[in-house]
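Take a look at the structure set out below.
The figures that follow rest on heavy atoms only: side chains count, while hydrogens, waters and symmetry mates do not.
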Amino acid sequence: MKAWRLLILGWLTTTIFGCSLPQVPPGSPFVPIITLEQIVGKWEGFSKRIPDMRNHAQVLLTISDTGRFNFVSDRGKDLLLGTGMVTISEGRALGQSGRGSGTITLYGRAGRPVIVLIASLNDGNHYYVEMAR
């Protein structure tokens, strides 16, 4: 009986967490990240804290051709700064910094690249960020 409770609790958690994430609109195909050149540059967007999904901060992410990234998160009252490295794995980019980690997925929308970053910070907060160049 205890195993069933854990199974049901795990299923509910997965369902609630999975359904709370916005989806990239239909017609925006997933583009596997094969080389860093696909994501090198400056990206901007608004972070949304999971699970409430309200705008949280404006984010500027810069990725260099060496895989090093810098980010600035402007929450209006303070700035969060960080730097780290990006590696490519299974069609996505994985980033690690002293503040946390994240996964970048690339999509094509109307001929323009869009990245979606799902970040997990060391303080336990999780964020969804959709960014364009």
Contacts table for residues 49-60: side-chain donor-acceptor under 3.5 angstrom, sequence neighbours left out:
residue, atom, partner, partner atom, Å
R49, NE, Y127, OH, 3.4
R49, NH2, H56, NE2, 2.7
R49, NH2, Y127, OH, 3.4
D52, OD1, R54, N, 3.3
D52, OD2, R54, NH2, 3.1
N55, OD1, K48, NZ, 2.6

Can I get a per-line list of side-chain donor-acceptor pairs under 3.5 Å for residues 62-69, giving both atom names and the distance, sequence neighbours left out?
residue, atom, partner, partner atom, Å
S64, OG, T66, N, 3.3
S64, OG, T66, OG1, 2.8
S64, OG, R68, N, 3.3
S64, OG, R68, O, 3.2
R68, NH1, G84, O, 3.1

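Side-chain atoms of E90 never come within 3.5 Å of backbone atoms of P32 as a donor-acceptor pair (strictly under, hydrogens ignored). Without hydrogens or angle criteria, R99 side chain to L81 main chain gives a donor-acceptor distance under 3.5 Å.
The nearest pair of heavy atoms linking L94 to S89 is CD1-CB, 3.8 Å.
W43 is not listed as a side-chain neighbour of V129, based on a closest heavy-atom distance of 4.5 Å or more. Counting heavy atoms from C-beta on, the side chains of P113 and L106 come closer than 4.5 Å. Within the 4.5 Å cutoff, no side-chain heavy atoms of T103 are placed close to those of L117. Contact check for I88 versus I34: no side-chain heavy atoms found under the 4.5 Å cut-off. Looking only at side-chain heavy atoms (C-beta outward), I115 and T105 stay at 4.5 Å or farther from each other.
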### Query
Going through the distances and angles, do I104 and V116 end up as a side-chain contact (heavy atoms from CB on, under 4.5 Å)?
CA-CA 6 Å; I104 296 172; V116 172; over 6 Å; no

### Task
Carefully, step by step, assess T83 and F71 under the rule side-chain contact (heavy atoms from CB on, under 4.5 Å).
CA-CA 6 Å; T83 188; F71 70 88; over 6 Å; no

### Task
Before giving the answer on side-chain contact (heavy atoms from CB on, under 4.5 Å), spell out for K42 and L61 the whole-Å C-alpha distance, their side-chain angles and the decisive distance to 0.1 Å.
CA-CA 6 Å; K42 291 183 181 183; L61 173 68; over 6 Å; no

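The line from CZ of R109 to CD of E130 is 4.5 Å long, rounded to the nearest 0.5 Å.
Legend: residues meeting side chain to side chain donor-acceptor pair (under 3.5 Å) with E37, ordered by chain and number and at least two apart, are T35.
In terms of hydrophobic clustering, with Ile, Leu, Val, Met, Phe, Trp and Tyr side chains grouped at heavy-atom distances under 4.5 Å, I39 and M131 are assigned to a common cluster. In this structure, L36 is a member of the same hydrophobic cluster as V31, with clusters built from ILVMFWY side-chain heavy atoms closer than 4.5 Å.
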